[in-house]
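Written out below as structure tokens is the structure these notes cover.
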Amino acid sequence: STLAASKDGVYAYLWTNCDTERRKLTEYDIGVGINRDLPFGVNADLSYNRFDFRGLGDNRDQDNLHEVWLTLSRNGIFTPEIKVAQNLSGGTFENSRGRDFVLGLGYGNDRVIPINLEGHLHFNNDYFLDESGVSVAQGKVSVPVEYGGFAVTPSFEYQRAIDRDSFGDHSTYSLSVSRGF
């Protein structure tokens with residue numbers, strides 16, 4: 001579940017995750033950022049993000065992650081993207097001052113049945129690991145459909161581990177419903 005507000009490129013969000021089996025809040029995230037168009041069709045997004053993982057780490061109340069993200073992209077039918085996530089603090093989690101570099105490429109169309117494709121390759125630079133290297137590759141397909149003022153978006157995401165000692169393969173199916181005001 002997400003609640004977000006934005007105006008003139010400035011935004012804030014609250015994201016939560018609940019374990020439906022335990023009926024318990026397991027994570028909540030808050031963030032603020034600014035998004036601006038730069039010359040040559042480049043878009044820049046800079047944000048501060050705080051992630052609170054409920055019940056993880058050695059010192060449960062102080063194991064919040066604080067990160068700054070910078071994303072540069074260029075909009076078009078194909079959208080290249082470079083993202084850097086810099087961890088500022090990770091409580092008692094080890095190697096919590098690293099960086100995650102992400103190279104991405106997206107594709108979207110405005111046809112009768114729109115489809116969005118995304119691919120990301122992560123380079124982990126001591127980001128919660130005691131090593132650096134390519135960690136995972138991710139792919140996502142989504143089909144956003146407008147209906148009655150709502151955007152309904154089913155999606156499928158797959159993660160393939162490159163660094164099999166630290167990561168695993170993972171897939172997610174999701175359905176997002178949003179409404180702008």
Side-chain angles (χ1 to χ4, degrees), residues 1-7 9-36 43-73 81-104 106 118-140 142 153 155-178:
S1 56
T2 304
L3 178 62
S6 65
K7 182 158 178 75
V10 177
Y11 62 89
Y13 72 88
L14 169 66
W15 181 91
T16 63
N17 185 55
C18 287
D19 183 326
T20 55
E21 291 179 12
R22 296 184 309 171
R23 296 182 180 183
K24 185 176 179 180
L25 179 69
T26 57
E27 176 183 353
Y28 74 89
D29 306 338
I30 57 173
V32 293
I34 187 166
N35 187 297
R36 291 285 185 251
N43 179 271
D45 188 298
L46 179 64
S47 64
Y48 164 79
N49 305 276
R50 178 184 181 269
F51 307 101
D52 187 333
F53 300 107
R54 312 302 288 174
L56 293 177
D58 294 331
N59 191 356
R60 307 289 191 256
D61 293 332
Q62 297 174 351
D63 280 329
N64 303 317
L65 306 184
H66 299 268
E67 295 188 346
V68 173
W69 294 357
L70 173 62
T71 305
L72 300 174
S73 61
E81 173 184 279
I82 298 172
K83 176 182 170 185
V84 178
Q86 173 64 56
N87 189 273
L88 304 174
S89 173
T92 61
F93 292 108
E94 293 184 23
N95 301 301
S96 62
R97 297 272 181 180
R99 282 159 296 290
D100 184 35
F101 296 94
V102 182
L103 296 176
E118 298 176 35
H120 296 98
L121 187 64
H122 289 254
F123 180 85
N124 185 312
N125 183 341
D126 298 319
Y127 186 72
F128 299 101
L129 295 175
D130 191 22
E131 58 189 53
S132 295
V134 177
S135 54
V136 296
Q138 299 168 323
K140 181 177 181 179
S142 60
T153 308
S155 65
F156 171 74
E157 186 170 358
Y158 180 73
Q159 173 177 293
R160 176 79 174 170
I162 308 296
D163 175 357
R164 294 218 167 261
D165 293 332
S166 303
F167 297 92
D169 295 343
H170 179 73
S171 62
T172 304
Y173 300 93
S174 64
L175 179 65
S176 169
V177 179
S178 63

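Positions are given from 1, in the same order as the sequence printed here.
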Review point. Is the number of heavy atoms from other residues, nucleotides or ligands under 6.0 Å of Ile82 CD1 greater than 12?
Key: no

Study note, to complete from the structure: Of all heavy-atom pairs linking Leu25 and Asn17, the shortest is CD1-O, 3.4 Å

Review point. Going from NZ on Lys83 to CG on Asp45, what distance comes out if it is rounded to the nearest 0.5 angstrom?
Key: 9.5 Å

Point to revise | Side chain to side chain, Asn35 and Asn43, heavy atoms closer than 4.5 Å | key: yes

Exercise for review: For residues Tyr13 and Ser6, determine if any side-chain heavy atom of one lies less than 4.5 Å from a side-chain heavy atom of the other.
Suggested key: no

Practice item. Decide yes or no for Val134 and Leu121: does some side-chain heavy atom of the first lie under 4.5 Å from some side-chain heavy atom of the second? Key: yes

Review point. Would Phe123 and Leu103 satisfy side-chain contact (heavy atoms from CB on, under 4.5 Å), going step by step from the backbone distance to the final call?
Key: CA-CA 8 Å; Phe123 180 85; Leu103 296 176; over 6 Å; no

Revision key, fill the gap. Separation between CZ (Arg99) and CG (Asn125), nearest 0.5 Å, reads 4.5 Å

Practice item. Give a yes or no answer on whether the side chain of Gln86 reaches the backbone of Leu70 with a donor-acceptor pair at less than 3.5 Å. Key: no

Revision key, fill the gap. Distance col, row Asp126:CG vs Phe128:CZ, nearest 0.5 angstrom, shows 11.5 Å

Check your understanding: Excluding sequence neighbours, so at least two apart, what forms salt bridge (Lys or Arg N to Asp or Glu O under 4.0 Å) with Arg23?
Key -> none

Revision key, fill the gap. Arg160 meets the salt bridge (Lys or Arg N to Asp or Glu O under 4.0 Å) criterion, sequence neighbours left out, with Asp169

Review point. What's the verdict on side-chain hydrogen bond (donor to acceptor under 3.5 Å, both in side chains) for Tyr127 and His122, showing C-alpha distance, side-chain angles and the deciding distance?
Key: CA-CA 11 Å; Tyr127 186 72; His122 289 254; over 6 Å; no

Review point. Taking the side chain as C-beta and beyond, is there a heavy-atom pair between Val102 and Asp100 under 4.5 Å?
Key: yes

Review point. Can you tell me how far CG of Asn87 sits from CZ of Phe51, rounded to the nearest 0.5 angstrom?
Key: 9.0 Å

Review point. With a 4.5 Å heavy-atom cut-off, do Ile30 and Tyr48 have their side chains touching?
Key: no

**Study point:** From CG (Leu14) to OG1 (Thr2), nearest 0.5 Å
**Key:** 8.0 Å

Check your understanding: Heavy-atom distance under 4.5 Å between the side chains of Ser135 and Ile162, does that happen here?
Key -> no

Review point. Can you tell me how far CG of Asn64 sits from OH of Tyr28, rounded to the nearest 0.5 angstrom?
Key: 6.0 Å

Sequence neighbours excluded and cut-off under 3.5 Å, please list the side-chain donor-acceptor pairs for residues 170-177, or say none.
| from | atom 1 | to | atom 2 | distance (Å) |
| --- | --- | --- | --- | --- |
| His170 | NE2 | Thr172 | OG1 | 3.1 |
| Ser174 | OG | Ser155 | OG | 2.6 |

Point to revise | Heavy-atom closest pair, residues Ala85 and Glu67 | key: CB-OE1, 4.2 Å

Study note, to complete from the structure: Closest heavy-atom pair, Val136 versus Ala161, reported as atoms and distance to 0.1 Å, is CG1-CA, 4.2 Å

Check your understanding: Do Glu131 and Asp163 have side chains that get closer than 4.5 Å, going by heavy atoms?
Key -> yes

Review point. Is any side-chain heavy atom of Thr71 less than 4.5 Å from a side-chain heavy atom of Glu81?
Key: yes

